[in-house]
There are 2 protein chains.
Amino acid sequence: MAWHKQHKVNSKDKILASAAALFTRHGFEKVSINQVMASAKMTRGAFYSHFESKSDLYAQAIIKAAVLAKQQQLEQCSDDLRTMSLTYLSAEHRDEKLENLCPLAFLVTDINQQDEVVKNTYTKIFKGFIEQTQSLTQSKSAALQSAALLIGGLALAKAINDHALSDDLLIACQTGVTELTVRND
Amino acid sequence: MAWHKQHKVNSKDKILASAAALFTRHGFEKVSINQVMASAKMTRGAFYSHFESKSDLYAQAIIKAAVLAKQQQLEQCSDDLRTMSLTYLSAEHRDEKLENLCPLAFLVTDINQQDEVVKNTYTKIFKGFIEQTQSLTQSKSAALQSAALLIGGLALAKAINDHALSDDLLIACQTGVTELTVRND
DNA sequence: GTCTATAAAGGGATAGAC
DNA sequence: GTCTATCCCTTTATAGAC
């Protein structure tokens, strides 16, 4: 691959990484193209040689966010649902202390206001999430319940302003997920 | 109470009802003060004699939305968690066919981008929701899990673009809530 | 491909008449 | 309290130089 071609790929990836971090933290509307490009050390004008529109960026950015969050999770070696729930439903994740945040939880109602391309992308990511939980639970129903407890529990814990109650909620959802796990021991 | 005083109260309530319907459906950013006032059959200029800012309106509107959704639920005579989950986690609620939508589910990530007053209000509403589930479950942990399944499950089902999968998710969460219910029979 | 400059639109908030 | 008119700022998207 030629240098200038690689240059473009690197720039686009930098924009996507910046967008993934900003969108998961602040949502679609509160993030401007200016902010994303500044975070990627570029100016606004360069944006449109990589993306068609802000919505186009958003769709690609949530995929990037999901991939990064998945990589981060694998580094923690969580191969069962119980240990996975401990990091997913952690105070660090809720408080944005982790570098990569799960877009499924942090943008769950944000998606309703977006176009069909974004909704399709979100759904695709969710299906990947379900495949993972399904391989670790007894049934499809248990996999869906786990997903609701994980994603829904984290989103709710984030929205709640009462720290003690939010912590209780995280723990209760961890317990709920654990009880849905296949018992092999 | 004098006529003109009652007039103001009626106007404010009309604005709040319009705002509750619009915000729960489209979120904070996608709704303009213009739209809210037009929906209440008034013009933009009249807005600021009732509310300090758009954010002030939002905080009061989600309370209004919660009250209306609660009234609507009581009309369905759901005095146990199982029947309550059937209407809460219904396709009608998800698809906005009900007149009043639960702000806890439809605005769960929207809240993160708002000021402290809004967050406090959301938390207060959530505590009311928990009190209800707690009176119908065995433990506080079960009450919190139920809330996550109900609110999180509905928010997720709304975000998913795959109709069949979304329906499965609703049913799975209904089942999950039922299993957390106190068995009196 | 990246930059600066600018067009074009939308929306929050205020002023003043009635 | 409600109206019309306006100010002012932000933001998306485009044009054109390098």
Side-chain angles (χ1 to χ4, degrees), chain A residues 1-23 25-62 107 110 113-118, chain B residues 1-23 25-62 64 107 110-111 113-118:
Chain A
M1 196 181 289
W3 286 2
H4 62 282
K5 182 80 181 267
Q6 186 61 48
H7 181 201
K8 176 169 183 178
V9 173
N10 287 341
S11 290
K12 179 166 183 176
D13 198 64
K14 212 170 170 184
I15 296 171
L16 279 176
S18 296
L22 287 168
F23 280 137
R25 282 166 175 77
H26 307 115
F28 180 80
E29 293 287 348
K30 283 283 207 295
V31 173
S32 68
I33 295 174
N34 239 349
Q35 282 179 278
V36 173
M37 296 303 283
S39 173
K41 314 273 193 219
M42 278 181 273
T43 56
R44 190 174 43 211
F47 175 79
Y48 290 92
S49 48
H50 295 284
F51 302 94
E52 285 190 353
S53 64
K54 186 184 178 185
S55 185
D56 178 29
L57 170 68
Y58 191 67
Q60 295 191 47
I62 60 178
L107 299 173
D110 214 82
Q113 317 312 327
Q114 312 303 327
D115 60 31
E116 288 304 306
V117 176
V118 172
Chain B
M1 193 181 291
W3 287 0
H4 61 283
K5 183 81 182 266
Q6 186 60 47
H7 182 202
K8 176 168 183 178
V9 173
N10 286 342
S11 290
K12 180 165 182 176
D13 198 64
K14 211 169 169 184
I15 296 171
L16 279 176
S18 297
L22 286 168
F23 280 137
R25 282 166 175 77
H26 308 115
F28 181 79
E29 294 287 349
K30 284 283 206 296
V31 174
S32 69
I33 294 174
N34 239 346
Q35 283 178 275
V36 174
M37 295 303 282
S39 174
K41 314 274 193 216
M42 278 181 273
T43 56
R44 192 172 44 211
F47 175 78
Y48 291 93
S49 49
H50 295 283
F51 302 94
E52 286 189 352
S53 64
K54 186 183 179 185
S55 185
D56 178 26
L57 169 67
Y58 191 66
Q60 295 190 46
I62 59 178
K64 181 72 176 177
L107 299 173
D110 213 82
I111 299 301
Q113 316 310 329
Q114 313 303 326
D115 60 31
E116 287 304 306
V117 176
V118 172

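For the numbers below, each heavy atom of this structure counts, side chains included, while hydrogens, waters and symmetry mates do not. Reminder, nothing fancy here: chain letters follow the sequence lines and each chain counts from 1.
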Between D:dT2 and B:T43, is there an OP1 or OP2 to side-chain N/O distance shorter than 4.0 Å? no

Should B:L16 and B:F51 count as side-chain neighbours, where that means a heavy-atom distance under 4.5 Å? yes

Given C:dT4, D:dT2, C:dG1, the nucleotide with the shortest approach to the side chain of B:A46: D:dT2

Residue-phosphate contact under 4.0 Å: A:S11 side-chain N/O, C:dG1 OP1/OP2: no

Considering residues at least two apart in sequence or located in another chain, which fulfil the side chain to side chain donor-acceptor pair (under 3.5 Å) criterion with A:K12? A:Q60

Measure CZ/A:F51 against P/C:dG1 and give the value in whole Å, please. 12 Å

Test of understanding: with side chain to side chain contact (heavy atoms under 4.5 Å, CB included), list the residues that count as partners of B:S53, not counting sequence neighbours. B:S55, B:D56

Partner residues of B:K30 under the salt bridge (Lys or Arg N to Asp or Glu O under 4.0 Å) criterion, sequence neighbours left out: A:E29

Sequence neighbours excluded, which residues qualify as side chain to side chain contact (heavy atoms under 4.5 Å, CB included) partners of A:A20? A:K64, A:A65

Could you tell me the separation between the NE2 atom of A:H50 and the P atom of D:dA13, rounded to a whole number of Å? 16 Å

Round to the nearest Å and state the distance from B:M42 atom CE to D:dT4 atom P. 13 Å

Rounded interatomic separation in angstrom, taking NZ from A:K12 and C1' from C:dG1: 14 Å

Kindly write out the residues that satisfy side chain to side chain donor-acceptor pair (under 3.5 Å) with A:K54, not counting sequence neighbours, or none if the list is empty. none

Protein proximity profile, nucleotides 11-18 of chain C - base contact B, sugar-phosphate-only contact S, no contact -, cut-off 4.0 Å on heavy atoms: -SBB----

